[in-house]
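This report refers to the structure that appears directly beneath it.
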4 protein chains.
Amino acid sequence: MAVVKIGSVPIGGKEIVVIAGPCSVESEEQLLSTARAVKKAGAGVLRGSVFKPRSSPGAFQGLGEKGIGFLLKAKKESGLPIVSELMDSSQIFVLQDAVDCFQVGARSSQNFELLKRLGKTGKPVILKNGLGSTAKEFVSAAGYLPPEKAILCLRGIRSFETETRFTLDLGLIPVLKKLCDFPIVVDPSHAAGKRGLVPALAMAAIAAGADGLLIEAHPSPEKALSDSSQQLNFSEFEDLMQKLKKVASAVGRKI
Amino acid sequence: MAVVKIGSVPIGGKEIVVIAGPCSVESEEQLLSTARAVKKAGAGVLRGSVFKPRSSPGAFQGLGEKGIGFLLKAKKESGLPIVSELMDSSQIFVLQDAVDCFQVGARSSQNFELLKRLGKTGKPVILKNGLGSTAKEFVSAAGYLPPEKAILCLRGIRSFETETRFTLDLGLIPVLKKLCDFPIVVDPSHAAGKRGLVPALAMAAIAAGADGLLIEAHPSPEKALSDSSQQLNFSEFEDLMQKLKKVASAVGRKI
Amino acid sequence: MAVVKIGSVPIGGKEIVVIAGPCSVESEEQLLSTARAVKKAGAGVLRGSVFKPRSSPGAFQGLGEKGIGFLLKAKKESGLPIVSELMDSSQIFVLQDAVDCFQVGARSSQNFELLKRLGKTGKPVILKNGLGSTAKEFVSAAGYLPPEKAILCLRGIRSFETETRFTLDLGLIPVLKKLCDFPIVVDPSHAAGKRGLVPALAMAAIAAGADGLLIEAHPSPEKALSDSSQQLNFSEFEDLMQKLKKVASAVGRKI
Amino acid sequence: MAVVKIGSVPIGGKEIVVIAGPCSVESEEQLLSTARAVKKAGAGVLRGSVFKPRSSPGAFQGLGEKGIGFLLKAKKESGLPIVSELMDSSQIFVLQDAVDCFQVGARSSQNFELLKRLGKTGKPVILKNGLGSTAKEFVSAAGYLPPEKAILCLRGIRSFETETRFTLDLGLIPVLKKLCDFPIVVDPSHAAGKRGLVPALAMAAIAAGADGLLIEAHPSPEKALSDSSQQLNFSEFEDLMQKLKKVASAVGRKI
């Protein structure tokens, strides 16, 4: 299997990598404190979005370019490489010098023009599956990226069940590993939609063979400007990391 | 309800408008013959894509700028206004002088940045629902467009049923009419995925209150470079138009 | 295509049959007044359940045997044949002399033992599709019934959309007509779940080729003990029948 | 949380129980050899069906009463308590003296009459979720059983994804534990539909908090009369049990 590096952190090797951080970058203090907390607990990469694709035009759309300075500062202070999301090729230019890896969300997962352009930046891309996309379509979409730069992220699909925000089938981890050579990470935060469900899905993802996790963490989730109900606070995150290390060890890997 | 004009053709008034043409523009002769045939049968708008969002990087991606000349020629000859699809804001510039209306497909339906930019062109936009989007999310996404320029197009969602290509719930027509003021058109061709199912869905859409239809027609569907199995040939299209006129009349409208 | 008779009423011929009545039989007066109203408006068969499969053990479970007397009285007075639902083979014995046709609901649609036993009664059976069943599984389940006695009823499936109660794909009408020879009726009431959406789906079903409709009607829907939000009152039902007749005529059939 | 006993084996306590055996009882030798193999590997309960709900009338329907003798012999020889499936209340009488626990499958999961009757036998019931049922409906259906006798089994739902047979959301384990007090077991065999995917889902289920697993095992899966592609052979089963013990230990439980 291919190993893809985010900064100097290999994804897809024996070590499982936790990519953590807030849903949206909201302030310098919010991002720096999160970077410190997740690094201390064992995260290998920092995530934080400055552009947010919000279903409603009235919702918080992210700090935009202003947030990029915070990302750079957090990277410098923590030493963690940075992942950030974008939705349109017009955002590549402003993000590409700041981030170590791009993230393409579910709603852009079949924006093939965007994927082609990202491929030319030379940076790795975490591509999430579309809410209405099959595993085969997911792998096909990744074909628009350079094979040595693609990381697939399972984040659940739309089904009729509403107790979880999206329906995450972890049986797709071995399916994807058979269909392609890309590292597979899992986003239990968006799949669950409720912080109380995140630990079970995160542990299950490791047990099912995931190469990494994307977990949302925030100093005060109840005050978050987006995804308030699914972000973990620092103590919940630290507690979860302890559990994940045990499960990783049980399946012959480490975090 | 708002009436939105494509060229001089009003969508959302008493008259039901059929928007017809090939999936992809493939050649001048293909497009011109289709324009003539659909106009003669009663279509009010010509559709034809020069950019195609294909799930696989190896599939036919459209003629691109070369096809735009064919669209302009077809418009001039037939007098029909033109609708064409785009997937990325970089395509706005090359399309905007040629088309009377943009079409945004399911895979771009939540590309909010694209929608905002299209809003600034002053041209109407036919926005299709996402494969994994709810009716409410569909209406929210349309909120990124100027209200007087948005036309919603139902094209079915993903479900577990595979006998039809997508699952089209026509009960959403009255739902959308309650949730918003936009004209509602229906795309039976993509929903059905098989030409034999298109007439039933097209007639049903009119009976359920649709303001218009998007129907794929092609001189020789079996030779089409995309969506071969769902395009109607000219005689099938003409036959369907006769049936649609009767159903429209039964619900107090006309085509 | 096979024509199946409910009493003396043929289903699957040129004439489209409307099967109407309350969700649950609640009282003699409720059932008799409904029988008179739906007959006057043009319905051909009366429906009314005395056994109700309710998701929750605390909900109204139907009048049981007590309701059968009301069904017989309504049949005698109106001359309409009777359809009633059952969920378990233990209910066959008490229902079989009273009804002209059994109805098997979505939750029992793959109770193959029940279907085999119903087949031995010699009475026709309206079989609804399961909420999680494909068209092919639906036709397979009908294979447990005698072919000359099976009527298939489309009532929608579960999808992620919640604006309609279930997701009804009318493109399955031509699909089923190709896969089998059974008459196909449609239940717009359960699919819609809201009375305001029933007319659009009912008209659309006729336009798409349905051989009949199951429509819930009640003297005072707001007081109904089950399915309160989706039953039509008599004036709404009569109004809808007028519209259905026009659509039927537009597709070369009559009601 | 309630602990429910199958024979003398408690489900829902600290110990995780693996319920294993063939999909269908096919012969004495097949069942006895399976009982020996799964017991030796650490299974606590033997499963095997003599009645099979098959989507098609032509498929193998199970050995029926003839198979019951084999179940009793396997129980006597192995000491393992027995779980077997039924679909109709007419099957209760012949099964109830032989089995220690009934299993109700997805297709009968809302056969409330059957559930009420099973409740009167005094035996525990493993109730699987319906293919089109929500978590809340699942818990409601279990309300038809005596609370001290119900065991819920997650086996996946229908979604548009076809790489796995059904879509299993393990985030529903903590959801169900919040909604009710019943022990929760998981059936990775039916969810996966392919033996290669069973281990990942089984390990993930334990990591997510399942109280037990239902796993199909067969001496020669390629010759099985039903579910041939998803049953494990003895060596695969034994290998999986070793892995499950490690994951159980990592989450503070044991098998």
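The chains referred to below are lettered A, B, ... by the order of the sequence lines, with proteins before strands, and numbering in each begins at 1.
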Using non-hydrogen atoms and a 4.5 Å limit, figure out which bit of [X] sits close to chain D: side chain, backbone, both or neither.
X         : value
Leu201(A) : side chain
Ser249(A) : neither
Ala192(A) : neither

Answer yes or no: are there more than 12 heavy-atom neighbours, outside [X] itself, under 6.0 Å from its atom [atom1]?
X         : atom1 : result
Lys5(A)   : NZ    : no
Lys246(A) : NZ    : no
Lys40(D)  : NZ    : no
Lys178(A) : NZ    : no
Lys194(A) : NZ    : yes

query: Val247(A) and Val251(D): side-chain contact (heavy atoms from CB on, under 4.5 Å), yes or no, with the steps?
result: CA-CA 7 Å; Val247(A) 179; Val251(D) 296; 4.3 Å; yes
message: Looking at every non-hydrogen atom in both residues, tell me the closest pair between Gly171(D) and Leu197(A) and how far apart they are.
response: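 The answer is O-CD2, 4.1 Å.
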query: How close do Ala250(D) and Ala250(A) get, heavy atom to heavy atom, and via which atoms?
result: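 Reported closest heavy-atom pair: CB-CB, 3.8 Å.
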Are [X] and [Y] packed together at the side-chain level, in the sense that at least one heavy-atom pair is separated by less than 4.5 angstrom?
X         : Y         : answer
Leu172(D) : Glu161(A) : yes
Ser159(A) : Ile157(D) : yes
Thr134(D) : Thr162(A) : no

- prompt: Hey, which of Ile206(A), Thr167(A), Leu179(A) has the most heavy atom pairs under 4.5 Å with chain D?
  reply: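 Top option by heavy-atom pairs under 4.5 Å: Thr167(A).
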- request: Output the option from Ala205(A), Gly132(A), Gly196(A), Pro199(A) having the highest count of non-hydrogen pairs under 4.5 Å with chain D.
  value: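 So the answer, after comparing Ala205(A), Gly132(A), Gly196(A), Pro199(A), is Gly132(A).
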- request: Output the distance between atom CG (Leu170(A)) and atom OG1 (Thr164(D)), rounded to the nearest 0.5 Å.
  value: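 Reported value, rounded in 0.5 Å steps: 10.5 Å.
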Selection from Met203(D), Glu137(D), Glu163(D) maximising heavy-atom pairs under 4.5 Å formed with chain A: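 The residue among Met203(D), Glu137(D), Glu163(D) with the greatest pair count is Glu163(D).
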